[in-house]
Amino acid sequence: MPAPAPLVPPTVDVPHLHDAVLGWFAVHARDLPWRSPDCSPWGVLVSEIMLQQTPVVRVLPRWREWLERWPTPADLAVAPTADVLTAWDRLGYPRRALRLQEAARAVVERHDGRVPADPAALRALPGIGEYTAAAVASFAFGIPETVVDTNVRRVIARAVAGEALPGRSLTRAEMRRAQALMPEDPVRANAWNAAVMELGALVCTARSPACDRCPLAETCAWVAAGSPPPAEVSRGQAWAGTDRQVRGAVMAAVREHGRVAEAEVPAVVVAGGWLGSHRPEDAQWARCVAGLVSDGLLARDADGGLTFPA
DNA sequence: AATACGGGGGG
DNA sequence: CCCCCAGTATT
């Protein structure tokens, strides 16, 4: 069998990669509040949960409100869940708000109210996966875990592997490659985590990368290959008419009205204009409402009304 | 490995 | 109107 391809091709000058990206970051890093030295580990954790699948610009105002209202895990732990879901507003994937409150309660119970620094302890908290555990450890505590998000995957895919875009899911090989690229020095490693992510967010973007502003343009394997387009066109997530859209519309209605009689859900949601021209069948309404209740995102009261859970 | 899970802003 | 965004949990 053939020898496995090296994690990092010999043509890649890793020290140069580090210097170029860290130098660029020192000049171009955004001034985000969760990057402030004054930001608590809790503030970092909240930001990371909110940033899962949600752009920075949309998170910023919500994050400020949350940190002002619930400045510690203990504060969020005792908040009414209805308040938590209302404050989540339209950030999307509201189960994240539920998991965040559960994580706050777990921090109170298991860690005396302080966000743990240990990656394994972080990973054990509700809603925290491999990425978020590594991000909180690195950004909040200076523990040089390897942080791999969609931005990091894309930058490495292009600059090192010469591919236009990373695959569907993070592979073991990708993870090992990312680990092999980490600077030895812990301080530089933590900066590298943030810097590669920032480069992917601001320059090496998915749709139209700004290679003319990229510190790696001279050495990028993808550019060297002639910037070939992605092999397969990724099919976007279906939206119109899906349960996801209907669930979102029901949540929006309850957020707006506080309570919606279950029998009136279709009328209220349609009147609110949250579905465009789509009109779900009864079976879909029932399925979505039942799912939201089952997920703990909605509660039924004694009079057949739907509210956010207390 | 594939899916479910929100919502919105920019090309 | 399509595509993508600091992912996670489940199957």
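Just so it is clear: chains get the letters A, B, ... in the order the sequence lines come, proteins before strands, and each one is counted from 1. Values in this document were obtained by computation on a predicted structure and should not be read as measured data.
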- Query: Pick the nucleotide of DNA chain B nearest each of A:R90 and A:S208; which residue has the one closer to the 5' end?
  - Reply: A:R90
Does [N] have its OP1 or OP2 closer than 4.0 Å to a side-chain nitrogen or oxygen of [X]?
X      : N     : answer
A:R154 : C:dC5 : yes
A:R247 : B:dG6 : yes
A:Q53  : C:dG7 : yes

- Paired runs of 3 or more consecutive Watson-Crick or G-U pairs involving DNA chain B, with both pairing distances under 3.5 Å, are B:1-5 with C:7-11, B:7-11 with C:1-5
- Task: With heavy atoms under 4.0 Å as the rule, sort A:D295 into base, sugar-phosphate or nothing.
- Result: nothing
- For A:T54, which contact category applies under a 4.0 Å heavy-atom criterion: base, sugar-phosphate, or nothing? base
- Task: Sort and list the pairs that fulfil salt bridge (charged side-chain N to carboxylate O under 4.0 Å, His left out) and have at least one residue in residues 270-281 of chain A, not counting sequence neighbours.
- Result: none
- Among residues two or more places apart or on two chains, list those pairs meeting side chain to side chain donor-acceptor pair (under 3.5 Å) that have a residue in residues 250-259 of chain A. A:R259-A:D301
- Would you kindly give the CZ-to-P distance between A:R35 and C:dA6, to the nearest whole Å? 11 Å
- To the nearest 0.5 Å, tell me how far A:S36 OG sits from A:D31 CG. 8.0 Å
- Contacts of A:T205 and A:E130 projected onto DNA chain C by closest heavy atom; the upstream (5') one is A:T205
